[in-house]
Amino acid sequence: MLVSIYRYNPETDLKPVMVDIEVDVPADRDLMVLDVLNLAKEKDTTIAYRRSCREGVCGSDGMNINGTNGLACITPLSSVVNPGKKLVLRPLPGLPVVRDLVVDMSIFYKQFEKVKPFLINEEPAPGIERLQSPEDRAKLDGLYECILCACCTTSCPSFWWNPDKFIGPAGLLQAYRFLADSRDTAASERLAGLEDPFSVFRCRGIMNCVAVCPKGLNPTRAIGHIRSMLIEQSV
Amino acid sequence: MVTSVTNFSRSGLSDWIAQRVSAVVLLAYSLFIFISLLTGPELSYAAWSELFSHTAVRLFSLLAIFALCVHAWIGMWTIATDYLTASHLGASATAIRFGFLIGCALLVVIYLLWGIQIFWGS
Ligand code: SF4
Ligand code: SF4
Ligand code: FES
């Protein structure tokens, strides 16, 4: 089958090009997109991309697959390409390209850092651990599973337009993960840092983030919760 | 925390609420006008000015004009800060955005004053 891959080396190339490579895929079984990419790399060893765990855990092989962001390692070929059609691989949109499918994630991490993604609790720590009831623990389900693959944030138009100001779905999901934690005591300071016109309120509810999250998480819902907390706090 | 001097209220939360409250006012006013047109007497100058002679209607109209101005400003500001930025327009983006926003602000103010004059002028 034909695989069309985005090739770009900013140091030597004037602009990116799409290069087609013919790859032999077995007809009797479905491959993951990453397997196909590995086969393509056997033909052309200069193709650059990130991958590590090959099972949807590390979050390093987020890329744009036939127009939709996803993790190549857990995206079955049959779910993105019809038989006889091309597989088209591009880097995640909206971030600077380092080489081919490898993007510079600095600004994504910077937005993540802004939400202080760690537990804040000024009370003296108890002898063994800070306990949490099973009900309170359940509130973190659907939030803690994020692997920071950036598929959601780089599919969000609000992030494309203001990557330096809008925190983006991944960061906001984590912001809510700590707002919702019964052991965290910094909710009001966290909220104060989010109520400006950009950090949260640039979300227009487009829900691209929900559509692409390979872990099935729902950043839009978390953003809605943050908004409700902001409203509650101000009345 | 990202700050900006040109948005409506300096706070994303207040902007967001103002945008929604003004939308409700505009919807209510549109429905009111629509229903009075449907149910009122045949449209004539006399009937129309009779409707607007009630203080309540004139207050409601004033409120609707305020709501329109608030709604338009927040909306235009958001559009400008999404699309009239350096990533779309390059180095001159700030100047273009400022010019655009000044134009919008002028229109909003003119519209507000004009509306007040129509409803409350002699
Ligand atoms: S719902 Fe919000 S965060 Fe998610 S893609 Fe849309 S604008 Fe972005
Ligand atoms: S929310 Fe989903 S898509 Fe976004 S970074 Fe986390 S795992 Fe990836
Ligand atoms: S290689 Fe680790 S998530 Fe795909």
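Just so it is clear: chains get the letters A, B, ... in the order the sequence lines come, proteins before strands, and each one is counted from 1. Owing to the predicted nature of the structure, the values given are computational and were not obtained by experimental measurement.
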Around atom [atom1] of [X], are there more than 12 heavy atoms of other residues, nucleotides or ligands at under 6.0 Å?
{"X": "A/K116", "atom1": "NZ", "answer": "no"}
{"X": "A/R90", "atom1": "CZ", "answer": "no"}
{"X": "A/E11", "atom1": "CD", "answer": "no"}
{"X": "B/R20", "atom1": "CZ", "answer": "yes"}
{"X": "B/W114", "atom1": "CH2", "answer": "no"}
{"X": "B/L38", "atom1": "CG", "answer": "yes"}

Check your understanding: Is there a ring pair (Phe, Tyr, Trp, His ring centres under 6.0 Å) between A/F201 and B/W77 once you walk through the steps?
Key -> CA-CA 13 Å; A/F201 286 99; B/W77 181 81; over 10 Å; no
Check your understanding: Is any side-chain heavy atom of B/W16 closer than 4.5 Å to a side-chain heavy atom of A/I231?
Key ->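 Of all side-chain heavy-atom pairs linking A/I231 with B/W16, at least one is under 4.5 Å.
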Exercise for review: Taking the side chain as every heavy atom from C-beta outward, state whether B/L13 and A/S234 have any pair of such atoms under 4.5 Å apart.
Suggested key: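 The answer is yes, as the side chains (C-beta and beyond) meet within the 4.5 Å cut-off.
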Check your understanding: Can you say whether B/T85 sits under 4.5 Å from chain A via the side chain, the backbone, both, or neither, judging by heavy atoms?
Key ->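 Only the side chain of B/T85 comes within 4.5 Å of chain A.
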Check your understanding: Would you say the side chains of A/R204 and B/T78 form a donor-acceptor pair under 3.5 Å?
Key ->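 Distance-only check fails for A/R204 and B/T78.
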Check your understanding: Is the backbone N or O of A/P197 less than 3.5 Å from a side-chain atom of B/D15, with the two atoms forming a donor-acceptor pair by type?
Key ->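 Side chain of B/D15 to backbone of A/P197: no pair is present.
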**Study point:** Heavy-atom pair with the smallest gap, counting every atom of A/F198 and B/T81
**Key:**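 Nearest heavy atoms, A/F198 then B/T81: CZ-CB, 4.0 Å.
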